[in-house]
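In what follows, a structure is listed as structure tokens, so that the remarks can point back to it.
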Amino acid sequence: MNKSLLILKREYLTRVRKKSFIILTLLVPFIFAGFTILPAWLAMQNDEEERTIGVYDATGQYSGRMENTEFTRFTTIPQAEFEQIQQDIKSSSYYAVLYIPSDILATNKAQLLSDKQVTFDIKNMIGRKLENLIEADKKAVIIDGSGIPDLEEKLLAARTSINLETLKVGEKGEAVKSSTELAMGVGYAAGFLIYMFVFIYGAMVMRGVMEEKSSRIVEVIISSVKPIQLMFGKIIGIGLVGLTQLAFWLILMFLIVSGLQMFLAPDQAEMLTQSQNMMASSPQIQENAVLNIIDLIGNLNIPLIIGSFIFYFLGGFLMYSSLMGAVGAAVDHEEEAQQLMLPVTIPLIFSIIILFPVVKNPEGTLAFWASMIPFTSPVIMMVRVPYGLPAWELLLSMGILVTSIYGTIWVAGKIYRTGILMYGKKVNLKEIVKWLFYKN
Amino acid sequence: MEIFKATNVTKDYAGHRALDGVSISTKEQSIFGLLGPNGAGKTTLIRIINQITAPDAGEVQLFGRKLKANDIQHIGYLPEERGLYKKMKVGEQALYLAQLKGLSKRDALKSLKYWFEKFEIQPWWNKKVEELSKGMQQKIQFIITVVHKPKLLIFDEPFSGFDPINANLLKNEILDLKNQGATIIFSTHNMASVEETCDHIALINQSKKILDGPIDEIKESYKQDIYEIETTVPHDVTSEFSRNGFQLIDYELKGLSQRVKFRLEKEMTSNDLLQMLMQKMEIRSFREVIPSMNEVFIQVVGHANPKKQTA
């Protein structure tokens, strides 16, 4: 078998078979699913409890008009019972008691009495019901007093809610619906994912090189293969470990989400209508957003995003991991590594610092230059791609990155070859720069 | 037949010359000792033979032709800085390193089986390296060096870091490999092991080769007309010797006999000397002192680096 392949295979298999890798790969999607889906699911579970609310209405206007919902019933109670409950709330059989004072129209105040903390949903629901009743009454008085015929219909017709559609106009004048929020979310996620993987797996390359150096096996190996073969077998092997993990995460997350969706499908539909009722002020927009989201995802340039993601993922990884591998080769101890890692990781950390400003203004000067400079472009360009950008910018950025990777690999290879066989020498940046001019 | 030959090998590192026109050659089925003080350039030469680094000038030949990239499969190398992956299983690791040397998986397994049986270490196959003692790891390291049946073996300081038992085992294995037809180059400071094993040596000092030849001839050429005799007691040897112009080096009274070591400071064959002494005293033993490799080393290197010696 080809020796580079042998190295790649070892680097890959030893890491993929590690318990820590398997646990992390399997666990993260579940944790993620847990954090996103479980709260919503649990919230729905609560709503199935049947509750009875006692209503003491001092005005006598509203109590009879409080409509029952599926799980919540309203019962009118007389003053005597209300006073008794006030004395000894624990003995009451009601979940809570609503007290509508006689001066409610003047004060806009009512009370909900209970011996426990009333849930947020119940409080909101009762408040809204009461508001609607009072509003309707007030409206009726105004309409009656004005003497204008069909005023109610006219007012209803005047109600407006604007659905601001964002359209992106292409070069040929065709307009495509776009969603700023969606582009923002996708860009942020892609940029952050690249940052995280480059950091974690780059550090893994560094530790792998240091392991070989400190265990002194490296000279045994490079008497069989070229140092550059060893370095790239390791980098590519570890890169594949990263891709494997990413692939597993995506597949597992997809399975979990779709599995839960199937399991929860009827409930979820109900939840959706409930949430729409809650935001009754703009039901139309809500509905539109739900319908449009699929449409909008379709309008994102998915192949371009995935293609660029893989390109910048690998590009960023190759660039940083070869530098981190060189750091690993140059040092003897972990502490020295920390010191030399800093100049390597500063641009990477910088790109995460400017991530948010770029997300907010993907066409700005900062965004442009940061997506051209190869040390920041893997993270920053991925933030910009979902918004769409001129082809020449993307191609230029990719070209610069590829060229820089060649340069970086040359530099890293030089440092690696010299450093890997050098023991007991405290290495600083100046020393490393000298190595670049060594003949091998 | 010369199996390996380096001609005028020169290697520069930034600001210093590690090797300066060094030429050595080794005969097939022999043991070649590469000697020299620390930093003389031995490891650089060894790394050049292993193609870890390339010479700036000069040529390296193997089997009578220029060294090629895939010659590494004919070379077994035990570096001075050596080790194994600590978290990897012994068998898996040995197999991996054997395959890196160019063996097919099947051949590698076969050869490893032979060596594991020979050292009676089959039970270690599935152990992690970190579970083994240092001595056990050294055995694995040796097996990895020879697993691909190399024709040329290079050991850089093979006895450093080995305990006496494993060092002895290693020495016997090296002699065994030679008898089976391998050629061995090893670098060492351990002069006793040089005398026990080497047929031929080269001494490198300050990047240059300063001595080269079969070990017996070198020792012969460095003898300094020193003799050691043992005589019966009553004779006053010391005054006798100074009268004859011999330089007394060592004197020891041992019960009824006395042992005298001296340097002959005039032209005289050993036979003439013996004849002369026989007339004056009763001699129990007489021998010309041949310097040990250790003495040759100190004499040659000390002479070449006078400053280092006094410093």
Side-chain angles (χ1 to χ4, degrees), chain A residues 1-15 17-21 207-230 233-234 237 332 414 416-425 430-440, chain B residues 11-15 43-44 46-57 69-73 75-89 92-105 108 128-130 137 140-142 144-145 147-148 150 153-154 156 161:
Chain A
M1 202 194 296
N2 183 311
K3 287 177 187 175
S4 303
L5 263 179
L6 268 172
I7 294 170
L8 194 154
K9 198 176 118 191
R10 194 202 81 89
E11 298 292 338
Y12 181 80
L13 286 180
T14 50
R15 286 182 175 79
R17 283 187 303 200
K18 266 189 192 160
K19 280 195 198 85
S20 55
F21 175 85
R207 277 200 309 274
V209 172
M210 283 181 69
E211 182 204 353
E212 273 162 2
K213 191 180 175 184
S214 64
S215 73
R216 303 288 198 263
I217 195 176
V218 67
E219 193 159 352
V220 176
I221 296 177
I222 62 169
S223 67
S224 305
V225 300
K226 290 206 167 62
I228 212 88
Q229 275 178 301
L230 176 60
K234 182 179 291 296
D332 279 348
K414 278 266 181 185
Y416 182 86
R417 247 184 322 210
T418 310
I420 200 85
L421 292 174
M422 197 164 288
Y423 291 106
K425 193 167 182 181
K430 202 176 132 202
E431 177 76 28
I432 287 178
V433 171
K434 247 198 271 173
W435 293 358
L436 297 183
F437 302 101
Y438 277 12
K439 294 165 281 175
N440 63 317
Chain B
K11 175 78 188 174
D12 284 315
Y13 286 115
T43 297
T44 304
I46 284 175
R47 282 180 180 167
I48 287 172
I49 302 171
N50 280 296
Q51 302 180 67
I52 290 171
T53 153
D56 296 332
N70 66 358
D71 279 336
I72 46 161
Q73 59 185 315
I75 301 177
Y77 176 38
L78 184 70
E80 184 178 4
E81 299 284 2
R82 51 187 170 246
L84 299 162
Y85 287 113
K86 296 204 166 38
K87 306 254 174 225
M88 210 173 167
K89 283 179 183 163
E92 201 184 343
Q93 177 152 213
L95 193 60
Y96 170 63
L97 292 170
Q99 282 178 285
L100 280 187
K101 274 287 177 193
L103 285 189
S104 72
K105 193 171 181 181
K128 279 188 182 167
V129 169
E130 60 187 356
Q137 292 183 23
I140 309 287
Q141 197 95 51
F142 175 78
I144 286 165
T145 311
V147 65
H148 54 297
L153 276 153
I154 298 165
D156 197 355

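Chain naming here is simple, since letters A, B, ... match the order of the sequence lines and numbering starts at 1 in each.
For B:E80, no part lies near chain A; criterion is any non-hydrogen pair under 4.5 Å. In this structure, chain A has a heavy atom under 4.5 Å from the side chain of B:Q93, while its backbone stays farther away.
Heavy-atom minimum distance, A:I217 versus B:L84: CD1-CA, 3.7 Å. Between B:I52 and A:I222, the shortest heavy-atom distance links the atoms CG1-O, 3.6 Å. In terms of heavy atoms, A:K3 sits closest to B:G102 at CE-N, 4.1 Å. Nearest approach of B:Q141 to A:V220, heavy atoms of both residues: NE2-CG2, 3.6 Å.
We find that B:R47 and A:E219 are joined by a salt bridge, their nearest charged nitrogen and carboxylate oxygen being less than 4.0 Å apart. With respect to A:R17 and B:E92, a salt bridge is recorded, a charged nitrogen being found less than 4.0 Å from a carboxylate O.
With a 4.5 Å cut-off on side-chain heavy atoms, A:I221 and B:Y85 count as touching. Put simply, the side chain of A:K9 does not reach to within 4.5 Å of the side chain of B:Y96, judged on heavy atoms. The shortest distance between side-chain heavy atoms of A:S223 and B:I75 does not fall below 4.5 Å.
Separation of atoms NZ (B:K105) and CG (A:L6) is listed at 10.0 Å; rounding is to 0.5 Å. Taken to the nearest 0.5 Å, the OG atom of A:S224 stands 7.0 Å off from the CG atom of B:L97.
Under the side-chain hydrogen bond (donor to acceptor under 3.5 Å, both in side chains) criterion, B:N50 pairs with no residue at all, not counting sequence neighbours. B:Q51 pairs by the side-chain hydrogen bond (donor to acceptor under 3.5 Å, both in side chains) definition with nothing, not counting sequence neighbours.
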